Student: 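The following block contains the structure, expressed as structure tokens.
Everything quoted here is computed from the prediction, not taken from an experiment. Both backbone and side-chain heavy atoms feed into the values below; hydrogens, waters and symmetry mates do not.
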Amino acid sequence: TAVVTLPLNEAEQLRGSIAATATDKYGNVSAKATDSGKVIVVDTISPAMAVEYSEASNQVGTTLYYGNDKSGKAEITFKVTEANFFAEDVVVKVSKNGATAYAVTPAWTDVDADTHIGSYTISGDGHYIVSVEYKDRSNNKMASYTSDMITIDTIKPVINVAYQNNMKIDTLKDNDGNSRDYFDKTQTAVVTITEHNFNPKEVDFQIVGKDVAGENRNVNDLISMSEWRSDGDAHVITITYSGDANYTFDVDYSDLAKNAAEDYAADHFTIDGVTLNKGILIQHGTDV
């Protein structure tokens with residue numbers, strides 16, 4: 001009876017079969033004995049993995065955003081280094097919007113004996129977390145992986161502006177050919193942007209106030225703006241126009257996934273609260 005111990009040292013990996021012959025002292029050789037097709041694997045090295053993502057539309061902090069410019073898809077590549085690899089042992093799960101994670105199956109390709117590439121595509125609007133667990137068949141466990149947030153957003157923001165003062169005095173063409181509504185009292189505009197992935201700092205207001213001679217006035221002296229108020233995906237700000245001026249209002253917005261709202265047609269209106277006082281001027285005894 002003989003005992004053979006494998007491997008020669010801890011760092012080695014072995015994959016193969018056992019076969020043996022015996023030779024007596026007279027040179028007689030036995031038939032070769034095998035282990036009936038069994039494969040012996042000695043593997044002391046844990047699998048390793050690197051994860052790569054397709055280019056995102058935007059990244060804020062650690063969150064990756066994929067919008068319409070990326071076809072609303074995030075392509076994920078898992079690169080696993082493991083000599084004794086079986087794709088079915090890699091457990092990849094995806095959680096959407098905080099719900100219970102579900103298992104997915106990447107498409108695997110063997111680059112060489114030690115390198116294996118898995119590809120998976122996430123699509124459909126939502127917030128995703130990807131996790132990976134893997135233990136090879138020698139019970140060597142890979143360090144578990146959990147992604148940062150991956151957000152798919154293909155819905156354009158919607159901009160709505162509602163004016164509260166409906167007491168229009170007149171509508172006239174201005175010098176630039178724009179139809180301009182005239183009001184004799186303060187105008188208030190309620191701006192609502194409907195968007196799930198909203199950043200108020202990205203809202204681009206373009207508000208211009210000019211005097212009757214067409215010279216720009218300091219808009220900050222003419223208007224006031226409230227803080228943003230949010231209710232779910234609806235985000236509201238109120239703009240109060242209290243100073244007399246010829247106003248032009250425009251606004252642009254792109255969400256965190258860089259989806260741009262439809263172009264907003266600029267508004268043109270005038271606030272003129274000055275009342276003409278009629279009276280009699282006495283000059284040198286003459287009524288004027």
Side-chain angles (χ1 to χ4, degrees), residues 46-82 85-134 142-159 193-206 228 230 232-235 250-264:
S46 296
M49 183 182 70
V51 182
E52 296 180 353
Y53 296 88
S54 57
E55 183 182 11
S57 303
N58 191 25
Q59 181 173 350
V60 179
T62 58
T63 301
L64 297 176
Y65 290 89
Y66 293 84
N68 284 312
D69 64 325
K70 303 301 180 184
S71 301
K73 296 179 180 179
E75 297 176 355
I76 309 174
T77 301
F78 308 95
K79 182 179 180 180
V80 176
T81 302
E82 166 60 35
F85 180 78
F86 293 87
E88 60 268 29
D89 294 339
V90 184
V91 180
V92 181
K93 291 185 176 181
V94 176
S95 172
K96 180 179 180 180
N97 296 332
T100 301
Y102 53 91
V104 299
T105 303
W108 289 98
T109 301
D110 296 327
V111 178
D112 53 42
D114 293 331
T115 308
H116 317 275
I117 302 294
S119 300
Y120 185 75
T121 300
I122 293 177
S123 60
D125 283 27
H127 304 287
Y128 297 87
I129 297 291
V130 176
S131 64
V132 185
E133 300 279 349
Y134 178 41
M142 182 188 79
S144 60
Y145 172 82
T146 301
S147 73
D148 293 314
M149 186 72 74
I150 304 161
T151 295
I152 309 294
D153 182 358
T154 61
I155 301 173
K156 294 181 179 181
V158 176
I159 299 173
I193 297 180
T194 303
E195 168 58 40
H196 184 68
N197 298 295
F198 180 72
N199 181 4
K201 294 180 180 179
E202 297 294 327
V203 182
D204 180 17
F205 287 117
Q206 302 132 50
W228 283 97
S230 296
D233 291 347
H235 314 278
D250 203 352
V251 59
D252 294 313
Y253 179 64
S254 295
D255 63 23
L256 289 171
K258 300 303 180 182
N259 300 308
E262 296 293 339
D263 184 58
Y264 183 83

Student: Can you name the side-chain contact (heavy atoms from CB on, under 4.5 Å) partners of V111, sequence neighbours left out?
Tutor: T115, I117
Student: Grab the two heavy atoms, one from A257 and one from D69, that are nearest each other, plus how far apart they are.
Tutor: O-OD1, 4.1 Å
Student: Are any of the side-chain heavy atoms of P157 and N259 separated by less than 4.5 Å?
Tutor: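 Side chain of P157 against side chain of N259, heavy atoms only: contact under 4.5 Å found.
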Student: Going by the rule side chain to side chain donor-acceptor pair (under 3.5 Å), which residues pair with S230 if we only count those two or more places apart in sequence or in a different chain?
Tutor: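 Side chain to side chain donor-acceptor pair (under 3.5 Å) list for S230, sorted by chain: H235.
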Student: Do I150 and I76 have side chains that approach each other closer than 4.5 Å (heavy atoms only, starting at C-beta)?
Tutor: yes
Student: Please report the interatomic distance CE(M49) to CD(E133), rounded to the nearest 0.5 Å.
Tutor: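 Those atoms lie 9.0 Å apart.
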Student: Using the test salt bridge (charged side-chain N to carboxylate O under 4.0 Å, His left out), find all partners of D89 that sit at least two apart in sequence or belong to another chain.
Tutor: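 Testing D89 for salt bridge (charged side-chain N to carboxylate O under 4.0 Å, His left out), a comparison that skips the adjacent residues, returns R137.
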Student: Measuring from atom OG of S144 to atom OH of Y134, what distance do you get when rounded to the nearest 0.5 angstrom?
Tutor: 15.0 Å
Student: Can you name the residues that form a side chain to side chain donor-acceptor pair (under 3.5 Å) with Y264, not counting sequence neighbours?
Tutor: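 Y264 satisfies side chain to side chain donor-acceptor pair (under 3.5 Å) with D267 only.
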Student: Starting at CG of N68, measure out to CD1 of I152 and round the result to the nearest 0.5 Å.
Tutor: 11.0 Å
Student: So does K96 have more than 12 non-hydrogen atoms from other groups sitting under 6.0 Å from NZ?
Tutor: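 Enclosed.
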Student: Using the ring-ring contact (aromatic ring centres under 6.0 Å, His included) criterion, which residues pair with Y253? Sequence neighbours excluded.
Tutor: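 F198.
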Student: Mark yes or no for whether N97, through its side chain, and A99, through its backbone, hold a donor-acceptor pair below 3.5 Å.
Tutor: no
Student: Which residues satisfy the side chain to side chain donor-acceptor pair (under 3.5 Å) test with D204, sequence neighbours excluded?
Tutor: Q206
Student: Taking everything shown except E52 itself, do over 12 heavy atoms lie less than 6.0 Å from its CD?
Tutor: no
Student: Identify, with sequence neighbours excluded, every residue that meets side-chain contact (heavy atoms from CB on, under 4.5 Å) alongside A260.
Tutor: S254
Student: Which atoms form the tightest heavy-atom contact between S46 and E82, and what is the distance?
Tutor: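 Nearest pair, atom of S46 first, then E82: C-OE1, 4.2 Å.
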Student: What pairs of residues pass the side chain to side chain donor-acceptor pair (under 3.5 Å) test when at least one of them lies in residues 99-110, not counting sequence neighbours?
Tutor: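 Pairs touching residues 99-110 that pass the test: D110-H116.
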Student: Quick one: list whatever passes salt bridge (charged side-chain N to carboxylate O under 4.0 Å, His left out) with E55, sequence neighbours left out.
Tutor: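 Counting only residues at least two positions away or on another chain, E55 forms a salt bridge (charged side-chain N to carboxylate O under 4.0 Å, His left out) with K70.
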Student: Using side-chain contact (heavy atoms from CB on, under 4.5 Å) as the criterion, list what pairs up with E75, not counting sequence neighbours.
Tutor: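 E75 satisfies side-chain contact (heavy atoms from CB on, under 4.5 Å) with S54, T121 once adjacent residues are dropped.
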Student: Flag the pair D252 / D263 as yes when at least one side-chain heavy-atom distance between them is below 4.5 Å, and no otherwise.
Tutor: yes
Student: Does the S57 side chain pair with the main chain of K258, one donor and one acceptor, at a distance under 3.5 Å?
Tutor: no
Student: For the residue pair F85 and V80, establish whether any side-chain heavy-atom pair is separated by less than 4.5 Å.
Tutor: yes
Student: Any side-chain heavy atom of W228 within less than 4.5 Å of one from V203?
Tutor: yes
Student: Among E195, H196, E202, find the one that has a side chain to side chain contact (heavy atoms under 4.5 Å, CB included) with D255.
Tutor: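 With D255 as partner, E195, H196, E202 yield a single side chain to side chain contact (heavy atoms under 4.5 Å, CB included), made by E195.
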Student: Testing the basics here: between M142 and P47, what is the closest heavy-atom pair and its distance to 0.1 Å?
Tutor: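 M142 and P47 have their closest heavy atoms at CG-O, 3.4 Å.
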Student: Is any side-chain heavy atom of Y53 closer than 4.5 Å to a side-chain heavy atom of Y66?
Tutor: yes
Student: For residues 147-159, which residue pairs qualify under side chain to side chain donor-acceptor pair (under 3.5 Å), counting only residues two or more places apart or in two chains?
Tutor: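 Applying side chain to side chain donor-acceptor pair (under 3.5 Å) to every pair that reaches into residues 147-159, excluding sequence neighbours, yields D125-T154, H127-T151, D153-N197, K156-E262.
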Student: From the options I129, V130, V132, select the one residue that forms a side chain to side chain contact (heavy atoms under 4.5 Å, CB included) with T146.
Tutor: I129
Student: Y145: which residues meet the ring-ring contact (aromatic ring centres under 6.0 Å, His included) condition with it, sequence neighbours left out?
Tutor: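 Y145 satisfies ring-ring contact (aromatic ring centres under 6.0 Å, His included) with no residue once adjacent residues are dropped.
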